[in-house]
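Here's the structure we're looking at; comments come further down.
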Amino acid sequence: MLVSRYFRLLQQCARRNTPNVAKTLHAQLLKNGLHRYGPLPNTLLDAYGKCGLPGDAFSLFEEMPHRDQVSWASILTAYNQANLPRRTLSISHAILADGGLWPDHFVYASLVKACAGLGSIRLGRQVHASFLLSSFCEDDVTKSSLVDMYAKCGLPGDARAVFDSILAKNAVSWTAMVSAYARSGLKSDAMAIFESAPARSLFSWTALISGLVQSGNNVDAFHLFIDMRRDGVDIVDPLVLSSIVGACANLAMLELGKQIHGLVILLGYESCLFISNALIDMYAKCSDILGAKDIFNGMNRRDVVSWTSIIVGTAQHGQAEEALELFDKMVSTRVKPNEVTFVGLIYACSHVGLVDRGRGLFNSMIKDYGITPSLQHYTCLLDLLSRSGHLDEAENLINQMPFQPDEPTWAAFLSACKQHGKIEMAVRIADGLLSLKPEDPSTYILLSNIYARAAMWDKVANIRKLMTLMDVRKEPGYSCIDIGKEKQVFYAGETIHPMKDEIFCLLSELDAEMRRRGYVPDTSLVLHDMEQQEKEKQLFWHSERLAVAYGLLKSVPGTVIRIVKNLRVCGDCHTVLKFISAIVKREIVVRDANRYHHFKGGTCSCNDFW
DNA sequence: ATAGGGTTAG
């Protein structure tokens, strides 16, 4: 009787995720000597794993005198559950060595899941091959996990092949396939599978919507979310909400995001951890950093993602010192920073030119936290060094780092050389960059500027020729502005807007006032060969100016004007927006392709670093 | 007694 009670209680622990109860039961089992009784050790191991205690699970596993298939499967699950796929796979090597135990279908499913988590197609294919040669090769559960593994490795065709081989497809297999197509951006295939599935559920809707958000089809995801609501699907689990909050963030749709936030509250999920995390990011990406802080401050539990989201958001909005203070608080509350946190922190340092602090953080990341720097970390550090004029150190780093620098990395370094007047160095870097056959139009504009600065006119001509030859054309710039519930999009040079005359009139007035205050148009970044006056006219019609003028004409006086731009703000527009914010005494927030600019009283939060 | 699908930060 007593033994069956322990079984029941431990299984309950696993289901309800109550680690303390698991530990108490373990202690009782030790006390009454039942800890080695029958399958109880495996049940306890499973409970530890499912309660998120992989360390305790592993100690137990090591102490076991007899490990069977179930023990192996349970320890693998424990590591998968804790999102430690490397551990899962490292243990799998031991499986073969330990008493000649052969993996069963439970073990295969766990191994495939670990490969999916790592995104390692090489290991994934090895496990797949081994599975096919085993006597469990018809197992449908493992096949469903293979569908997912191929999907996560970006191979929807391979996923489909496995899916077609599943004999008895169930809800899990259909959902895995919907997710496979959706996350690969294969919209119509995803829809087709979704519709041909025998049943729909919150699970399959979530797979479809989340997948589309992940592949950047945010608007489609939104329409499907509305369809799902119309279908009357009960949102008994908030996962889909975090995806749709993410869609609002990606689209920078603040009003829509606020409405979804309302829905989150209505459905009672506002204290759910990863919903709050998604909301922090949404408000930050929608330029409302105060809204993001409200969410963060109102949380009763915060994890790495919460801290990292607010640190990154604060840094991107130009409040670097505050981002660094937040990090100190994070450390003092014993939340362990991860690789993403350090990206945000080094970025923050680069923004205010805190070279020593940034270097220190980079080293501490490696030494104190055991994190191997990625290309992104090197890029942040390079940015910090080169912006602050430590160009030789930056060049050394480029040559020593274990990554091949990509085009944006070279371009950023090059632009810093130009900024600091290191023309010889710039030309050397430019020659190297050119030989990599860059693809981004702005790289060509930068190169052309460098050569022009060095008076190397034949090279300038060569760049122009290359651009026509490769048909490198600048992506058309556009800016969006939300006024109430209406969204307006302005393209550069647009002349068909119904309020065109009023916009032109206002911009002319502002232009005159700016010139009185000392504004001189900076036409150095206008590409085309044309007269000065013509160049100035080009700048005059840049999309962000049209959007600001429209905002000034239509919005409630005194409110913040929020603009989202697809490209980076040009240097001249940046100057103009600073002037305008002072003249009209309004705060203007621009989210460009790279960062956020809060223009207020003639200055910008980015300190002219962008 | 053990496995598979939907989740947030760069």
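Order of the sequence lines fixes the chain letters, A, B, ..., with proteins taken first and strands second; residue numbering starts at 1 for each chain.
Across all strands, A/Q214 comes closer than 4.0 Å only to sugar-phosphate atoms, never to a base (heavy-atom distances). A/S144 comes within contact range of at least one nucleobase, with a heavy-atom separation under 4.0 Å. Across all strands, A/D46 comes closer than 4.0 Å only to sugar-phosphate atoms, never to a base (heavy-atom distances). Among the heavy atoms of the strands, none lies under 4.0 Å from A/N80.
Of the side-chain N and O atoms in A/K169, none sit less than 4.0 angstrom from OP1 or OP2 of B/dG5. Regarding contacts with the backbone of B/dG10, a side-chain N or O of A/K285 is found under 4.0 angstrom from either OP1 or OP2. The phosphate of B/dG4 (OP1 or OP2) has no side-chain N or O of A/K152 nearer than 4.0 angstrom. OP1 and OP2 of B/dG4 both lie 4.0 Å or more from every side-chain N or O belonging to A/T142. Of the side-chain N and O atoms in A/R183, one or more sit less than 4.0 angstrom from OP1 or OP2 of B/dG6. Between A/Q69 and B/dA3 there is no side-chain polar atom (N or O) within less than 4.0 angstrom of OP1 or OP2.
A heavy atom lying under 4.0 Å from DNA chain B marks the following residues of residues 301-320 of chain A, by number: A/V305, A/T308, A/S309, A/V312.
When distances run from any side-chain atom of A/K113 to the nucleotides B/dG10, B/dG4, B/dA1, the shortest one goes to B/dG4. In the set B/dA3, B/dG10, B/dT7, the nucleotide with an atom closest to the side chain of A/E339 is B/dG10. Here the nucleotide nearest the side chain of A/T175, chosen from B/dT7, B/dG5, B/dT2, is B/dG5. Taking only side-chain atoms of A/A109, from C-beta outward, the nucleotide of B/dG6, B/dG10, B/dA3 with the closest atom is B/dA3. When each of B/dA1, B/dG5, B/dA3 is scored by its nearest atom to the side-chain atoms of A/A176, the top-ranked nucleotide is B/dG5.
Listed by chain and number, the residues in a side chain to side chain contact (heavy atoms under 4.5 Å, CB included) with A/R125 are A/I121, A/Y150, A/L155, A/D158 (sequence neighbours excluded). A/V343 pairs by the side chain to side chain contact (heavy atoms under 4.5 Å, CB included) definition with A/Q376, A/H377, A/C380, not counting sequence neighbours.
In this pair, A/Y108 and A/F136 present their aromatic rings tilted. The plane angle is within the 30 to 60° band.
Taking the centre of each ring, A/Y378 and A/F362 come in below the 6.0 Å mark. Taking the six-membered ring for Trp and the full ring otherwise, the centers of A/W307 and A/F327 sit at least 6.0 Å from each other. Here the two rings, on A/W174 and A/F194, have centers that are 6.0 Å apart or farther. Here A/F342 and A/Y369 bring their ring centres to under 6.0 angstrom of each other.
Per the stacking criterion (ring centres < 5.5 Å, plane angle < 30°), A/F274 does not stack onto the base of B/dT7. In this structure, A/F203 counts as stacked on the base of B/dG5 under the 5.5 Å centre distance and 30° plane angle limits.
Across the protein-nucleic acid pair, A/Y79 atom OH and B/dT2 atom P stand 20 Å apart, rounded to whole Å.
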